[in-house]
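Because the structure is a prediction, the values reported are computed rather than measured. In what follows, every heavy atom counts, from backbone to side chain, and hydrogens, waters and symmetry copies are set aside.
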Amino acid sequence: MGGGVIGGHYMVVTRHAVKRLHERVTWMDPTGTYLFVTSEVSDGNRLFSTIKKGQKQTRFINNGIVYIVDETNPQRLVVITVYLHDEEEWKL
């Protein structure tokens with residue numbers, strides 16, 4: 001979807017994450033979606049990280065939404081997908 005610098009880090013929000021946000025939360029225009037997600041991740045609480053297939057995936061939660069972020073490259077964070085806190089899949 002695009003990226004920008006947030007808190008000194010370049011953050012990308014994937015099309016998949018945008019699709020999931022629109023399905024699970026609400027539809028927003030592309031700019032609004034990017035600003036919402038990057039703000040939510042930046043202000044969110046870090047829950048835990050896992051290593052999957054060589055990627056460091058970290059779970060952030062904010063306002064009942066869980067964001068899965070690839071932090072393999074700390075200079076380029078990638079929001080991979082979005083879950084509601086009540087969904088079990090994000091815990092895997």
Separation between OG of Ser42 and CG of Asn62, rounded to the nearest 0.5 Å: 9.5 Å
Donor-acceptor pair between Gln55 and Asp70 side chains, under 3.5 angstrom: yes
Spacing of OH belonging to Tyr83 relative to CZ belonging to Arg59, to within rounding of 0.5 Å: 8.0 Å
Check: His85 side chain, Val66 main-chain N or O, donor-acceptor pair, under 3.5 Å: no
Side-chain heavy-atom pair Val69, Val41 within 4.5 angstrom cut-off: yes
Rounded distance [0.5 Å steps], CH2 in Trp27 versus OG1 in Thr33: 7.0 Å
Min side-chain heavy-atom separation Val12-Val79 under 4.5 Å: no
pair Phe36-Ile65: side-chain heavy atoms closer than 4.5 Å: yes
Residue list, side-chain hydrogen bond (donor to acceptor under 3.5 Å, both in side chains) with Asn63, at least two apart or on another chain: Glu40
Test side-chain contact (heavy atoms from CB on, under 4.5 Å) applied to Lys56 - qualifying residues, sequence neighbours left out: Ser49, Ile51, Thr58, Glu71, Thr72
Test item: Thr38 side-chain N/O and Leu35 main-chain N/O as donor-acceptor pair under 3.5 Å: yes
Residues that His16 engages under ring-ring contact (aromatic ring centres under 6.0 Å, His included), provided they are two or more places apart: none
Approximate separation, where rounding is to 0.5 Å, of Tyr67 OH and Met11 CE: 10.5 Å
Derivation and outcome, side-chain contact (heavy atoms from CB on, under 4.5 Å), residues Leu21 and Val13: CA-CA 11 Å; Leu21 182 75; Val13 180; over 6 Å; no
